[in-house]
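Everything on this sheet refers to the single structure shown next.
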Amino acid sequence: MGLKLNETYFTLDGYVQLHKYRYLYFVIMFAVYILILCCNLTIVFLIVFKKSLHEPMYIFIAALLMNSVMFSTVVYPKLFIDFLSERQIISYKACLFQSFMFYSLGGSEFLLLSAMAYDRYVSICKPLRYPTIMRNTTISIFLVLAWILPSSQVAVMTVLLASDTICSFKLKGIFCNNAILELLCVQKIAHIIHEIVILFVMFSWNM
């Protein structure tokens, strides 16, 4: 594999006996990924093309399934490459992007589930007002916020990490997550404060 000059690469150090079971890992994970795509996309297509399913709850279900597809696509394809490669490496930029998408989509899943819970609450507790509350505009706002809010929060941490100095180049894991913080020369107070803010906001959303 040709490596670009002046670009930082990490070694992914979380694989167990990869040289011995690489093809077994690949077949199992590839089968799981295809199963995820087929099941989720089939249901999404049914919801999209069947007009009787154009209800708020089914729209949220379709959004949740698409979020799952994107989440899986962030992780699985890189795993396939690593299974068949002699060296399990990833560039710093690609690692930041994977981490950003991983946490953004993870946060979006919680918000989509919260939107589904709110839909059921209105349906059960306020059935007469349900059509006026759960309008297309309300659904669109929920969907936009479910993807925009987590990504905007995670983007702050990603920008902070992009400007930090790396002292270690061996990542303990098979994909990029908050383990990146362990590779920094100094963990800045800004990182800690930002994580506390995210935890507080996420807790507030789920109250």
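Bear in mind that the values here come from a model prediction, so they are computed numbers and not experimental data.
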Trace of the side chain to side chain contact (heavy atoms under 4.5 Å, CB included) decision for Leu37 with Ser72: CA-CA 9 Å; Leu37 292 182; Ser72 300; 5.8 Å; no
How long is the gap from CD1 on Ile89 to OG1 on Thr11, to the nearest 0.5 Å? 7.0 Å
Any sub-3.5 Å donor-acceptor pair from Arg22's side-chain atoms to Ser85's backbone N or O? yes
Please round to the nearest 0.5 Å and tell me the distance separating atom CG of Leu171 and atom SG of Cys95. 5.5 Å
Step-by-step side chain to side chain contact (heavy atoms under 4.5 Å, CB included) determination, Met66 to Asn40: CA-CA 7 Å; Met66 285 303 302; Asn40 289 356; over 6 Å; no
So CZ of Phe142 and CE of Met134: to nearest 0.5 Å the spacing works out to 5.5 Å
Under 6.0 Å from the CZ atom of Phe97, do we count more than 12 heavy atoms belonging to anything else shown? no
Phe175 and ring pair (Phe, Tyr, Trp, His ring centres under 6.0 Å): which partner among Tyr76, Phe102, Tyr103, Phe71? Phe102
Looking only at non-hydrogen atoms, find the nearest pair between Cys176 and Ile180 and report the distance. CB-CD1, 4.3 Å
What pair of heavy atoms forms the shortest contact from Pro150 to Gly107, and how long is it? CG-C, 3.7 Å
For Asp82 and Leu12, run side chain to side chain contact (heavy atoms under 4.5 Å, CB included): C-alpha distance rounded to whole Å, both residues' side-chain angles, the deciding distance at 0.1 Å, then the answer. CA-CA 9 Å; Asp82 289 337; Leu12 299 173; 3.3 Å; yes
Between Tyr23 and Leu84, is there a side-chain heavy-atom distance shorter than 4.5 Å? yes
Quick one: pull up OG1 in Thr138 and CG in Asp119 and give me the separation to the nearest 0.5 Å. 10.5 Å
Measure across Pro131 and Pro127 and return the closest heavy-atom pair with its distance rounded to 0.1 Å. CD-O, 3.9 Å
Closest non-hydrogen atoms of Gly106 and Phe110, given as atom of the first, atom of the second and distance, are O-CD1, 3.2 Å
How are the rings of Phe80 and Tyr33 set to each other: parallel, tilted or perpendicular (split at 30° and 60°)? perpendicular
Quick check: closest heavy atoms across Val44 and Ala62, and the distance to 0.1 Å? CG2-O, 3.8 Å
If we ignore hydrogens and angles and just use 3.5 Å, is the side chain of Thr158 paired with the main-chain N or O of Leu96 as donor and acceptor? no
In terms of hydrophobic clusters joined by side-chain contacts under 4.5 Å, are Ile124 and Ile133 together? no
Between the side chain of Gln98 and the main-chain N/O of Val74, is any donor-acceptor distance below 3.5 Å? yes
Exam field: side chain Asn67 to backbone Leu105, donor-acceptor pair closer than 3.5 Å: yes
For the residue pair Asn177 / Ser99, report whether a side-chain donor-acceptor contact shorter than 3.5 Å exists. no
In terms of the angle between their ring planes, are Tyr118 and Tyr121 parallel, tilted or perpendicular, with boundaries placed at 30° and 60°? tilted
Shared hydrophobic cluster, Val48 / Leu112 (ILVMFWY, side-chain heavy atoms < 4.5 Å): yes
Can you get from Ile34 to Ile28 by hopping between Ile, Leu, Val, Met, Phe, Trp and Tyr side chains that sit under 4.5 Å apart? yes
Applying the 4.5 Å side-chain criterion to the ILVMFWY set and letting contacts propagate, would Phe45 and Leu35 be lumped into a single cluster? no
Checking Arg120 side chain against Ala117 main chain: does a donor-acceptor pair fall under 3.5 Å? no
Would you please classify the geometry between the Phe10 ring and the Tyr92 ring as parallel, tilted or perpendicular, with 30° and 60° separating the classes? perpendicular
Which class fits the ring pair Phe83 and Tyr25: parallel under 30°, tilted 30 to 60°, perpendicular over 60°? tilted
Return the OG to OH distance between Ser52 and Tyr58, rounded to the nearest 0.5 Å. 8.0 Å
Dump the intermediate steps for side chain to side chain contact (heavy atoms under 4.5 Å, CB included) on Ile90 and Tyr9, then the final yes or no. CA-CA 5 Å; Ile90 186 171; Tyr9 283 83; 6.0 Å; no
Side-chain heavy atoms of Leu143 within contact of Ile59, under 4.5 Å: yes
With hydrophobic residues grouped by side-chain heavy-atom distances under 4.5 Å, do Val144 and Leu149 end up in a single group? no
Testing the basics here: between Ser151 and Ser104, what is the closest heavy-atom pair and its distance to 0.1 Å? CA-OG, 3.4 Å
Ile61 side, atom CD1; Met116 side, atom CE - distance, nearest 0.5 Å: 4.5 Å
